[in-house]
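Chain naming here is simple, since letters A, B, ... match the order of the sequence lines and numbering starts at 1 in each.
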2 protein chains.
Amino acid sequence: MTQETGPVPSVLDPEHPPPGEQPPDLDHCREIHETLTILGDRWSLIIIGQLRDRRLRFGELQRAASGISQRMLTLTLRRLEREGLIARTAYAAVPPRVEYSLTEVGSALLGPALELGRWADTHLDTIRVSRRHYDERLPE
Amino acid sequence: MTQETGPVPSVLDPEHPPPGEQPPDLDHCREIHETLTILGDRWSLIIIGQLRDRRLRFGELQRAASGISQRMLTLTLRRLEREGLIARTAYAAVPPRVEYSLTEVGSALLGPALELGRWADTHLDTIRVSRRHYDERLPE
DNA sequence: CTGAATCCCGTCTGATACTG
DNA sequence: CAGTATCAGACGGGATTCAG
């Protein structure tokens with residue numbers, strides 16, 4: 001997810017806007033898609049996870065999130081900073097030193113992320129099997 | 001998220017593969033990214049939400065998920081079926097009648113989705129403000 | 001060390017038209 | 001009704017190069 005092509009539709013009941021009630025019901029959550037737009041990319045959650053318990057410098061982050069390119073690290077950090085999920089601290093020094101840390105909002109995301117992780121742990125194997133079966137049935 | 005360009009890195013600690021312990025720790029979850037790849041697109045969660053408590057026909061789904069094109073509905077349903085999150089039942093009749101319903105795995109996703117919804121409800125306003133501030137500061 | 005700029009490709013998505 | 005086929009645009013992400 002990821003492209004923004006029009007107005008964000010409500011995830012679970014696109015027809016009825018959320019009435020602003022307290023318990024987020026599956027029927028009144030226009031925001032889940034917007035949330036997925038925020039961290040549905042390849043790197044956001046990885047970065048957030050790395051920053052979970054300690055602030056890190058740019059280079060540390062790049063090494064920690066193995067495989068990310070300099071470009072994508074920069075872009076992802078900028079966006080997460082813009083959304084207010086991480087904080088950027090630059091020290092006027094030579095060589096440059098920039099540290100990133102989680103904000104409260106960003107930290108609050110760790111819980112839901114864990115929920116997703118549990119679901120994944122429980123069902124991902126089943127899903128992989130399902131894919132294989134599906135692919136084997138079709139080409140016949 | 002969305003593109004699959006290489007081996008899926010662990011989300012929260014890409015360097016260390018998950019040792020296969022029970023409590024999914026933020027450090028031992030290689031799967032969250034794979035999960036986000038599954039439902040990080042624009043429509044998957046919308047479809048799943050619509051199927052939460054009742055099976056729906058193709059046309060009903062398209063009307064329920066306002067805005068989705070026939071093409072994207074088809075593609076999304078196929079993928080979700082392949083992952084085993086939804087089940088497709090076709091009735092040999094004229095006119096054709098196809099119904100979609102959640103599988104157990106798909107239903108199990110509703111909980112984590114609600115968690116994300118709560119996070120969104122709590123913090124999304126803050127995030128929107130943060131974006132505005134960020135955009136106002138920069139262009140100066 | 002921390003980034004910005006550019007080029008390039010694959011994918012996601014929508015619009016439209018056609019079919020059993 | 002429930003799709004399939006084709007076209008075209010937007011965006012994500014990597015590689016590489018340059019700069020403060």
Novice: Excluding sequence neighbours, so at least two apart, what forms side chain to side chain donor-acceptor pair (under 3.5 Å) with A:Glu81?
Specialist: none
Novice: Taking only residues two or more places apart in sequence or in another chain, which ones pass salt bridge (Lys or Arg N to Asp or Glu O under 4.0 Å) with B:Glu115?
Specialist: B:Arg118
Novice: With sequence neighbours excluded, what pairs up with A:Thr74 under the side-chain contact (heavy atoms from CB on, under 4.5 Å) test?
Specialist: A:Phe58, A:Arg78
Novice: Give every residue pair that meets the ring-ring contact (aromatic ring centres under 6.0 Å, His included) criterion with at least one member in residues 87-124 of chain A, sequence neighbours excluded.
Specialist: A:Trp119-A:His123
Novice: Starting from P on C:dT2, measure out to CZ on A:Arg55 and report it in whole angstrom.
Specialist: 13 Å
Novice: What pairs with A:Arg71 under side chain to side chain donor-acceptor pair (under 3.5 Å), at least two apart in sequence or on another chain?
Specialist: none
Novice: When you measure from the side chain of B:Thr103 to the backbone N and O of B:Gly84, does any donor-acceptor pair fall under 3.5 Å?
Specialist: yes
Novice: Tell me which residues in residues 81-98 of chain A put a heavy atom below 4.0 Å from DNA chain D, sorted by number, or none.
Specialist: A:Pro96
Novice: Got a sec, which residues hit side chain to side chain donor-acceptor pair (under 3.5 Å) with A:Arg82, two or more places apart in sequence or on another chain?
Specialist: B:Asp135
Novice: Any N/O pairs under 3.5 Å between the protein and nucleotides 6-8 of chain C? List them or say none.
Specialist:
from: C:dT6; atom 1: O4; to: A:Arg71; atom 2: NH1; distance (Å): 3.3

Novice: What nucleic acid atoms does B:Thr74 come within less than 4.0 Å of, heavy atoms only: base, sugar-phosphate, or nothing?
Specialist: base
Novice: If you fit an axis to the five pairs at each end of the helix from C:dC1-D:dG20 to C:dG20-D:dC1, how big is the angle between those two axes, to 10 degrees?
Specialist: 40°
Novice: Could you tell me which residues satisfy salt bridge (Lys or Arg N to Asp or Glu O under 4.0 Å) with B:Arg79, sequence neighbours excluded, listed by chain and number?
Specialist: B:Asp41
Novice: For A:Arg132, what residues pass the side chain to side chain donor-acceptor pair (under 3.5 Å) criterion, not counting sequence neighbours?
Specialist: none
Novice: Check side-chain contact (heavy atoms from CB on, under 4.5 Å) between A:Ser101 and all other residues, then give those that pass, not counting sequence neighbours.
Specialist: A:Arg55, A:Ala87
